[in-house]
Amino acid sequence: GAVVSQHPSWVICKSGTSVKIECRSLDFQATTMFWYRQFPKQSLMLMATSNEGSKATYEQGVEKDKFLINHASLTLSTLTVTSAHPEDSSFYICSATDTRSSYEQYFGPGTRLTVT
Amino acid sequence: GEDVEQSLFLSVREGDSSVINCTYTDSSSTYLYWYKQEPGAGLQLLTYIFSNMDMKQDQRLTVLLNKKDKHLSLRIADTQTGDSAIYFCAERPPGTYKYIFGTGTRLKVLA
């Protein structure tokens, strides 16, 4: 149980384009999803917290207009990187939790984004 | 402030024990976690310990918690080449769903 998937697992896009990453909870309802960014050989940095049906809460220093997060259902959250630049290349990991029953976060396998 | 620190690198021989250390600053943390990340993959929860515990053992894994020194360790017995990965400790302060991750320790197991 508590499986989280991400799609795609890796994506290459050109500078200036937008790319959408999906995070799905497969066997549970996720009231809250978290989006992390991980640079090579570094730790995970929390970007934003999204609650189903409401606007995401972004961490300090994360551009809201650049990283659009939508959490429209209890099983799906999306992160859209708009007008991507090479410096946006990174490993993006989501996690999900059902805050009605647990504090535990369940992590997706990650999406590697390369912007050329 | 909240900060979690780990040593960056550890190398051990196959069959030896590995000890990965972590220090944290939030004295009110409730749960402390250990995650494993293999190359190009997400995080796999290995084990966790509640802050009112001193030790937890799960097969080859032993977690020790020294609350006075705010020090957490993960011991892997009989380390195998498949244990080569990055290990993250994380703390979750009370009343929050947010995890604070350490810097990660890269474990290399030599055959």
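Convention: sequence-line order gives letters A, B, ...; per-chain numbering from 1. When reading the values below, keep in mind they use all heavy atoms of this one structure, side chains included, and skip hydrogens, waters and symmetry mates.
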Whatever's closer than 4.5 Å to a heavy atom in chain B on A:Q105 counts as both
Short N-O contact, B:K98 and A:E59, less than 4.0 angstrom:
yes
Establish, from distance only, whether the side-chain atoms of A:T80 and A:S18 form a donor-acceptor pair under 3.5 Å.
no
With a 4.5 angstrom heavy-atom cut-off, could you sort out which part of B:Q44 is near chain A: side chain, backbone, both or neither?
neither
Select one option (side chain, backbone, both, neither) describing which atoms of A:Q6 are under 4.5 Å from chain B's heavy atoms.
neither
Applying a strict under-4.5 Å side-chain criterion to I, L, V, M, F, W and Y, I'd like to know whether A:F91 and A:M45 cluster together.
no
Side chain, backbone, both or neither of B:L43 within contact of chain A (heavy atoms, under 4.5 Å):
both
Considering only heavy atoms from C-beta outward, does the side chain of B:I76 approach that of B:Y87 to under 4.5 Å?
yes
Check whether A:S9 gets within reach of chain B through its side chain, its backbone, both or neither, counting any heavy atom under 4.5 Å.
neither
Where on B:F88 is there a heavy atom nearer than 4.5 Å to chain A: the side chain, the backbone, both, or neither?
side chain
Under 4.5 Å from a heavy atom of chain A, the part of B:Y33 involved
side chain
Given the side-chain rings of A:F107 and A:Y36, with only the six-membered ring counted for Trp, is the space between their centroids under 6.0 Å?
yes
